[in-house]
Amino acid sequence: MKLLPLFTRRGLLASALLLFAALATQAAEVRVITSGAFTEAYKKLVPIFEAASGHKVISAFGASIGNAPDSIPSRFARGEKFDLVILSEGGLEALMKDGKLVPGSRVDLARSQIGVAVRKGTPKPDISTVEALKQTLLNAKSVAYSASASGTYLSTEMFPKLGIAEQMQKTARKIYSERVGAVVARGDAELGFQQVSELIYFKELDFVGTLPDAVQQTIFFSSALVQGAAEPDAAKQLVRFFTSAAVADIVRGTGLDPASR
């Protein structure tokens, strides 16, 4: 995946100010929870949005799926209050079916792919073909994968498709409440699988590449309004900002592909 250069902060802020010049409203506090793959883009974009709009964004982070205490479904189950949620399409649709989100409010923000990383200085394995990926997985002494959407795909679909599900039960481990890259960086796993946007920022890692197309999973990360949101208008402004042409290169620079509106 080619990562394009980021806009300068000054130039992007000027674009953002123009974008919101006609949307001046009373400053609001917008409560947002986002999942891991969109986190790096989110952290770069939110300060610019705040400066441009006058709104304050109160952020929380968690996995798209699963029952870890800090996962997005668990936080909704505890009754935590948010105006906007950003997570994988599968997790979003599950919350929508549970009546937690406003029907028709889904907006796709970005597409994400699964990548592989190893600890810096260790040999980069061959994942260029499906057969090479299979042999790399079988040869690995330890494998770490996410407890969120990408890990669910690996454990329930890709491993069985490759015919190695039984072997992976012995060497592969699902990682809860931290990024897979941190586990690989510590030397606790030889191979790490997670969304590209969650791997490329670890200086202690060497990014190997994305999965072969035949076994790749491209996931949309999307936003939706939460039922009973206190600041729905400000939340909608934030979504318009995230999907604006002015910030597309910043999204690309974090390992994601902006979704077409």
Side-chain angles (χ1 to χ4, degrees), residues 32-43 59-78 80 82 85-98 100 110-119 133 137 140-162 164-202 204-205 207-208 210-211 215-222 254-256:
V32 183
I33 185 165
T34 183
S35 61
F38 197 71
T39 296
E40 294 300 331
Y42 179 89
K43 288 180 177 179
S59 304
F61 304 90
S64 291
I65 59 177
N67 56 7
D70 60 349
S71 73
I72 292 176
S74 294
R75 298 180 80 148
F76 270 88
R78 289 198 298 269
E80 294 188 36
F82 304 102
V85 63
I86 301 169
L87 72 169
S88 66
E89 54 188 317
L92 186 146
E93 291 305 320
L95 290 176
M96 192 73 76
K97 289 179 182 178
D98 285 345
K100 305 293 186 183
R111 292 179 292 268
S112 179
Q113 292 191 325
I114 300 170
V116 183
V118 295
R119 195 175 186 183
L133 172 65
L137 283 164
K141 295 178 181 178
S142 55
V143 176
Y145 62 90
S146 169
S148 194
S150 63
T152 298
Y153 164 72
L154 292 177
S155 60
T156 64
E157 295 186 45
M158 193 187 81
F159 293 162
K161 183 177 181 179
L162 295 179
I164 59 173
E166 184 176 349
Q167 295 93 322
M168 288 298 98
Q169 288 181 2
K170 300 174 183 177
T171 57
R173 179 164 62 100
K174 185 181 292 187
I175 305 302
Y176 294 89
S177 301
E178 69 174 327
R179 291 192 177 184
V180 169
V183 176
V184 178
R186 291 197 302 266
D188 291 342
E190 184 178 327
L191 288 178
F193 290 76
Q194 199 163 20
Q195 304 294 339
V196 172
S197 59
E198 298 186 70
L199 290 174
I200 61 175
Y201 286 91
F202 283 90
E204 307 91 342
L205 302 182
F207 183 67
V208 178
T210 55
L211 299 181
V215 292
Q216 179 62 265
Q217 183 195 49
T218 300
I219 299 175
F220 277 96
F221 282 82
S222 310
T254 63
L256 298 170

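Quick note: numbers below take in every heavy atom, side chains included, and nothing from hydrogens, waters or symmetry partners. Throughout, numbering of the chain's residues begins at 1 and tracks the sequence. Please read all numbers here as calculations on a predicted model, not as lab measurements.
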### Message
Looking at every non-hydrogen atom in both residues, tell me the closest pair between Q195 and S150 and how far apart they are.
### Response
NE2-CB, 3.3 Å

### Query
Atom CZ of R75 and atom CZ of F61: how far apart are they, to the nearest 0.5 Å?
9.5 Å

### Message
Within the 4.5 Å heavy-atom criterion, are L87 and T34 side-chain neighbours or not?
### Response
no

#### Entry: Inter-residue atom distance S112.OG - Q217.CD, 0.5 Å rounding
9.0 Å

### Contact check, side chains of Y42 and T254, non-hydrogen atoms, under 4.5 Å
no

### Check: S64 main-chain N/O paired with S148 side-chain donor or acceptor under 3.5 Å
yes

### Closest non-hydrogen atom pair between L205 and G181, with its separation
CD1-CA, 3.6 Å

### Query
Would you find a donor on one side and an acceptor on the other, under 3.5 Å apart, between the side chain of E190 and the backbone of A140?
no

### Query
Under 3.5 Å, side chain of S197 to main-chain N/O of A37, donor-acceptor pair present?
yes

### Message
Using 0.5 Å steps for rounding, measure from the CE atom of M168 to the CG atom of L162.
### Response
9.0 Å

### Query
Can you check side chain to side chain contact (heavy atoms under 4.5 Å, CB included) on F220 and L92, steps first, answer last?
CA-CA 10 Å; F220 277 96; L92 186 146; over 6 Å; no

### Message
Quick one: does any side-chain atom of S71 pair with a main-chain N or O of G62 as donor and acceptor, under 3.5 Å?
### Response
no

### Task
Mind listing the closest non-hydrogen atom pair of D70 and S177 along with its distance?
OD1-OG, 3.0 Å

### Task
May I ask you to establish whether K100 and F82 are in a cation-pi arrangement, using a distance under 6.0 Å from NZ or CZ to the six-membered ring centre and at most 45° from the ring axis?
no

### Query
Would you say the side chain of M158 lies within less than 4.5 Å of the side chain of I114, judging by non-hydrogen atoms?
no

#### Entry: Atom pair OG1/CG of T210 and L199 - distance to nearest 0.5 Å
11.5 Å

### Message
I'd like to know whether I33 forms a side chain to side chain contact (heavy atoms under 4.5 Å, CB included) with E80, so could you lay out the CA-CA distance, the side-chain angles of the two residues, the decisive distance to 0.1 Å, and finally the verdict.
### Response
CA-CA 10 Å; I33 185 165; E80 294 188 36; 5.8 Å; no

### Query
Is there a side-chain contact between L191 and V208 (heavy atoms, below 4.5 Å)?
no

### Query
Taking atom CG of D188 as the centre, does the number of heavy atoms from other residues, nucleotides or ligands within less than 6.0 Å exceed 12?
yes

### Task
Kindly compute the distance separating CZ (F159) from CD (Q167), expressed to the nearest 0.5 Å.
10.5 Å

### Message
Restricting to non-hydrogen atoms, name the atom on A144 and the atom on A189 that form the minimum distance, rounded to 0.1 Å.
### Response
CB-CB, 3.7 Å

### Side chain to side chain, V184 and F193, heavy atoms closer than 4.5 Å
no

### Query
How about Y145 and K174: do any of their side-chain heavy atoms sit closer than 4.5 Å?
yes

### Query
Would you call D98 and F76 a side-chain contact if the rule is heavy atoms closer than 4.5 Å?
no

### Message
Applying side-chain contact (heavy atoms from CB on, under 4.5 Å), can you list everything that pairs with R179, at least two apart in sequence or on another chain?
### Response
T39, E40, Q194, E198, F202

### Query
How long is the gap from CD on E89 to CD1 on I219, to the nearest 0.5 Å?
7.0 Å

